[in-house]
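The next block holds one structure in the form of structure tokens; read it before the comments.
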Amino acid sequence: MMNHFSGFSMKILVRNIDRLVTDAEVLDLFKAYGKVDSCVVVKDAKTGKSKGFGFVEMSNPREAIKAVKGLNTLKVKGSGIKVKVAEEQA
């Protein structure tokens, strides 16, 4: 199963993020588990405010899985974040 992801970034969905949490704060959480290729908290186009979820990409699948397991339900600014491997969009 791990070979399926080799050579590709693993996209991780992070939900239930407190609206005040920044990209940099999410990045710091994931950097503790390994190399992060990209990290973005999704913002509303009109207001620029956080929509409460984001995506992280990590190229090492082992590190990505450890991050998902280690960070899922972690309390960040009072909210328990939900972390899982993102579903591929067809």
Side-chain angles (χ1 to χ4, degrees):
M1 184 172 115
M2 289 305 230
N3 291 340
H4 172 69
F5 295 107
S6 62
F8 300 98
S9 283
M10 187 176 266
K11 196 167 196 178
I12 301 166
L13 171 64
V14 187
R15 293 183 301 123
N16 204 41
I17 302 171
D18 184 277
R19 307 277 184 199
L20 300 175
V21 173
T22 65
D23 293 6
E25 289 171 304
V26 174
L27 178 62
D28 283 344
L29 292 173
F30 281 86
K31 281 198 314 196
Y33 291 89
K35 182 179 179 295
V36 176
D37 297 326
S38 70
C39 172
V40 63
V41 173
V42 177
K43 312 256 186 335
D44 182 277
K46 288 182 184 155
T47 66
K49 292 184 179 174
S50 168
K51 287 190 162 192
F53 72 97
F55 294 97
V56 175
E57 287 190 46
M58 298 178 78
S59 52
N60 183 317
R62 280 195 193 93
E63 293 173 354
I65 295 296
K66 281 184 184 171
V68 168
K69 289 181 177 171
L71 295 173
N72 189 37
T73 72
L74 179 77
K75 282 210 181 301
V76 179
K77 293 195 178 175
S79 295
I81 62 172
K82 304 280 188 245
V83 183
K84 69 176 198 159
V85 175
E87 306 294 327
E88 286 303 314
Q89 297 299 315

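Numbers for residues simply follow the sequence, beginning at 1.
Listed by chain and number, the residues in a side chain to side chain contact (heavy atoms under 4.5 Å, CB included) with Glu63 are Lys35, Met58, Asn60 (sequence neighbours excluded). Judged as a side chain to side chain contact (heavy atoms under 4.5 Å, CB included), and not counting sequence neighbours, the contacts of Val76 are Val21, Leu29, Leu74, Ile81. Every residue two or more places apart in sequence or in another chain that forms a salt bridge (charged side-chain N to carboxylate O under 4.0 Å, His left out) with Lys31 is listed here: Asp28.
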side-chain contact (heavy atoms from CB on, under 4.5 Å), that's the test. Do Phe55 and Val42 meet it? Break it down for me. CA-CA 8 Å; Phe55 294 97; Val42 177; 4.2 Å; yes
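Both Leu27 and Val85 are assigned to one and the same hydrophobic cluster, defined by single-linkage of ILVMFWY side chains at heavy-atom distances under 4.5 Å. Under the 4.5 Å side-chain heavy-atom criterion for Ile, Leu, Val, Met, Phe, Trp and Tyr, Leu13 and Leu71 are members of distinct hydrophobic clusters.
Nearest heavy atoms, Asn16 versus Gly80: ND2-O, 2.7 Å. The shortest non-hydrogen separation linking Val83 to Phe30 is CG1-CZ, 3.9 Å. A pairwise comparison of heavy atoms in Ser50 and Val41 identifies OG-CG1, 3.4 Å as the closest pair. The two residues Pro61 and Met10 have their closest heavy-atom pair at CB-CE, 4.0 Å.
Annotation: salt bridge (Lys or Arg N to Asp or Glu O under 4.0 Å) contacts involving residues 41-54, sequence neighbours excluded, comprise Asp23-Lys43. Among residues at least two apart or in separate chains, side-chain hydrogen bond (donor to acceptor under 3.5 Å, both in side chains) pairs with a member in residues 72-83 are Glu25-Lys77.
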